[in-house]
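Heads up: the structure comes next, in structure tokens.
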Amino acid sequence: MTDGQNIDAWKKLAEREIKADPEKLVWHTPEGIDVKPLYTADDIAGIDHVNSLPGMEPFLRGPRATMYTGRPWTIRQYAGFSTAEESNAFYRKALAAGQQGVSVAFDLATHRGYDSDHPRVVGDVGKAGVAIDSVEDMKVLFDGIPLEKISVSMTMNGAVIPILANFIVAGEEQGVPRAQLSGTIQNDILKEFMVRNTYIYPPEPSMRIIADIIEYTSKEMPKFNSISISGYHMQEAGSTLVQELAFTLADGREYVRAALTKGLNVDEFAGRLSFFFAIGMNFFMEAAKLRAARLLWTRIMKEFEPKKASSLMLRTHCQTSGVSLQEQDPYNNVVRTAFEAMSAALGGTQSLHTNSFDEAIALPTEFSARIARNTQLILQHETGVTKVVDPLAGSYYVESLTNELAEKAWALIEEVEAMGGMTKAVATGLPKCLIEEAATRRQAAVDKGEDVIVGVNKYRLEQEDKLDILEIDNSAVRLSQIARIERTRRQRDRDRVETALAALETVARTGEGNLLEAAVEASRARATVGEISDAMRSTFGDHAAMPKVVRNVYGKAYEGEPEFQTLVTRLDELSAALKEKPRVMVAKLGQDGHDRGAKIIASAFGDIGFEVLAGPLFQTPEEAAEMAVANKVHVVGMSSLAAGHKTLAPQLVQALKDKGAENVIVVVGGVIPRQDYDFLLANGVAAVFGPGTNVLDAARAVLDLMEGKRRNM
């Protein structure tokens, strides 16, 4: 029989088995890829990369010829716990238990370039990471950790100059010259403007910072990777895999161009550019994504005509998805993370972080972190995946997926290029808009039950077990940090600090010299993270994004659905009774820039018929209350993903009372542990919407609250 006859015979067999047309079983993915129920040799005919080999151009099957058969991926755990002392203790235990490098998570105050005593960060210090105010904190963070041997990865973008300067000086004072320091600094600001929002300065000076860091590290730190170009946060914000792939590689192309403006030869730095991708639950497509990334990066780098083969290779760190973790039935997250870790390994990652099962609601405990770390150890030692280079190679399905992802991502990369590159594309807001539309579509599919999440919208437990979580005492951490800052300021040479900061400000203003080099001198003098950041702020200014809300995405997904229409009708009736549309303000307080949830709520509520006011990022409770009063809103919805809710929500309630607006309803949504609900309700919050809340349920509850308030007036 010919191949065509074989396919026809299969279709007849399949029709008998499922009593349906197999063509109707095509899976239409969010990426626009139609996944068929059957793949054959015909699907990979003519695809050039099928015959490629690992360690050889275009490196699709891996940057090293032997891959894990010669050396497994590096096991990392991204972590930071309130103070430098607590984080140091965690790192040392993890290294003793088999972790092979340190990955540092910083608190949001540090990310945004504020010292812990700044009034804007009262609720943020020590939350979602470690607080670092000066080189004294950095020295404690790495006390007893030999920096000449241990690779250090730091997720830092906004305050990247003072943090990297502090790391260099901490190494020096540990007796390790900067030339011996190894690791990676994220230093990827373009994705911050798209999704994560922990930026400080506008795009152009931010790109200059990146170029200065690449220049300095190329000359002074031969073992250190100057940038980790990150798609992870794009997928966490709701991007499709095509968008994550395209925008990440387009960012990389932009950073290469920025480095070349410093007069560097491409081969001086290209081999130490690294990437960072998210690994979600689409198992085979995630593995194919990493393979496609290597293929496309080689294509991009050939434009710059490097002489070294290593300059064409894409090397990547991966992290299992945070957004796939669920509060409901949380031990399911152990299984999710294991599948995602396996996908990353089959895709050929160079290092990997596995999320802990409790990270949907809090920082990981030692118990959950051990399970996450052991997931990787079991993969490396018990499953056999390290015995063969690229085990999925030749798979009809995976090779076809790799090709389709590459083609669709390249089309999007070329669209960005036509706009003048990624910096200009980011300025137009196009990437951000596309990602927010994708996130809203995904939320609608979950809320409707089209995308099944076990334990959340299907197979739910009748009663959730209580989960022990790690809780950080924000007030105690802040007080201890302030005490250390004050001690550092008392003991330092004030004239030396002022001279070093003035020199840094001059470099920023004139463009002559290297920003990181000047910041290292300021760090040696014990200038703080905030002071170094402010020296550059005085010239560069602060970036302020204008919030935009996508429309007609969530509502379109529910077109004709009775449940949605009932809500619209109820809202119309309330509007008639109030003689105006119900107004809801969606507020982001503190330094938490993760706004996926806030944007989805704003978009969906707008489609239902609420008048929605999207507040700007980084408001104080007082600023949010003032905005709410000025706009005469009926409801303020505070979105929190970084554990500042117990500090900031009560302050918001009080600020509204102080302005005579106690009738404004305050609700809180986001990553809120169930054990915090009673505290929030006792402190004036009318309702709490935790992780996994159906958006229509939230809208229904807000309507109930507004109708109840009106009846009681």
Side-chain angles (χ1 to χ4, degrees), residues 112 118-124 197 542 544-549 551 571-572 574-593 595 597-642 644-670 672 679-689 698-699 701-713:
R112 294 267 296 140
H118 197 285
R120 297 195 74 86
V121 298
V122 172
D124 298 299
N197 301 314
D542 282 282
M546 295 299 295
K548 295 180 182 178
V549 178
R551 296 298 303 268
L571 192 70
D572 289 343
L574 181 59
S575 297
L578 293 171
K579 296 184 172 54
E580 60 180 342
K581 271 190 172 187
R583 284 187 296 282
V584 175
M585 174 180 167
V586 180
K588 288 292 296 180
L589 305 186
Q591 302 307 305
D592 173 19
D595 62 352
K599 289 292 183 67
I600 287 172
I601 287 293
S603 178
F605 272 48
D607 286 357
I608 292 166
F610 288 93
E611 184 177 323
V612 177
L613 175 66
L617 293 169
F618 314 128
Q619 283 188 313
T620 65
E622 292 74 20
E623 289 166 347
E626 186 175 333
M627 187 176 187
V629 171
N631 288 276
K632 298 179 180 178
V633 304
H634 302 97
V635 179
V636 176
M638 173 184 152
S639 172
S640 175
L641 274 81
H645 51 274
K646 289 178 72 173
T647 301
L648 297 170
Q651 289 180 358
L652 173 61
V653 171
Q654 187 59 50
L656 287 166
K657 285 181 181 176
D658 293 344
K659 296 179 185 301
E662 56 271 7
N663 282 333
V664 173
I665 298 166
V666 175
V667 298
V668 177
I672 318 292
F679 172 87
L680 293 172
L681 296 172
N683 281 273
V685 172
V688 182
F689 305 111
V702 168
L703 272 174
D704 290 344
L705 288 168
M706 291 188 69
E707 289 169 347
K709 176 78 77 173
R710 183 175 171 275
R711 283 194 298 269
N712 293 327
M713 287 178 64

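Along the sequence shown, residues are numbered consecutively beginning with 1. Heavy-atom basis, side chains included; hydrogens, waters and symmetry copies ignored.
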Does the side chain of His634 come under 3.5 Å of the side chain of Glu580 through a donor N or O and an acceptor N or O? yes

Apply side-chain hydrogen bond (donor to acceptor under 3.5 Å, both in side chains) to Asn631 and list each qualifying residue two or more places apart in sequence or on a separate chain. none

Check step by step if side-chain contact (heavy atoms from CB on, under 4.5 Å) holds for Ile601 and Ser603. CA-CA 5 Å; Ile601 287 293; Ser603 178; over 6 Å; no

Extract all donor-acceptor atom pairs below 3.5 Å that involve side chains of residues 612-619 and protein atoms in other chains or at least two apart in sequence.
none

Apply side-chain hydrogen bond (donor to acceptor under 3.5 Å, both in side chains) to Asn683 and list each qualifying residue two or more places apart in sequence or on a separate chain. none

side-chain hydrogen bond (donor to acceptor under 3.5 Å, both in side chains) partners for Glu626, two or more places apart: none

Determine whether a donor-acceptor pair (N or O, by modelled atom type, separation under 3.5 Å) exists between the side chain of Arg551 and the backbone of Gly606. yes

Can you tell me if Ser575 uses its side chain to pair, donor with acceptor, with the backbone of Leu571 under 3.5 Å? yes

For side-chain contact (heavy atoms from CB on, under 4.5 Å), just list the numbers for Met638 and Val667, CA-CA rounded to whole Å, side-chain angles, deciding distance to a tenth of an Å, and then say yes or no. CA-CA 6 Å; Met638 173 184 152; Val667 298; over 6 Å; no

What residues form a salt bridge (Lys or Arg N to Asp or Glu O under 4.0 Å) with Lys588, not counting sequence neighbours? Asp592

One thing to verify: whether Lys632 and Glu611 come together as a salt bridge, which I'm taking to mean a side-chain N less than 4.0 angstrom from a carboxylate O. no

Test side-chain contact (heavy atoms from CB on, under 4.5 Å) on Val635 and Phe605; report intermediate values, then the result. CA-CA 12 Å; Val635 179; Phe605 272 48; over 6 Å; no

Mark yes or no for whether Glu623, through its side chain, and Thr620, through its backbone, hold a donor-acceptor pair below 3.5 Å. yes

Scan residues 651-660 for pairs that pass side chain to side chain donor-acceptor pair (under 3.5 Å), counting only residues two or more places apart or in two chains. Gln654-Asp658

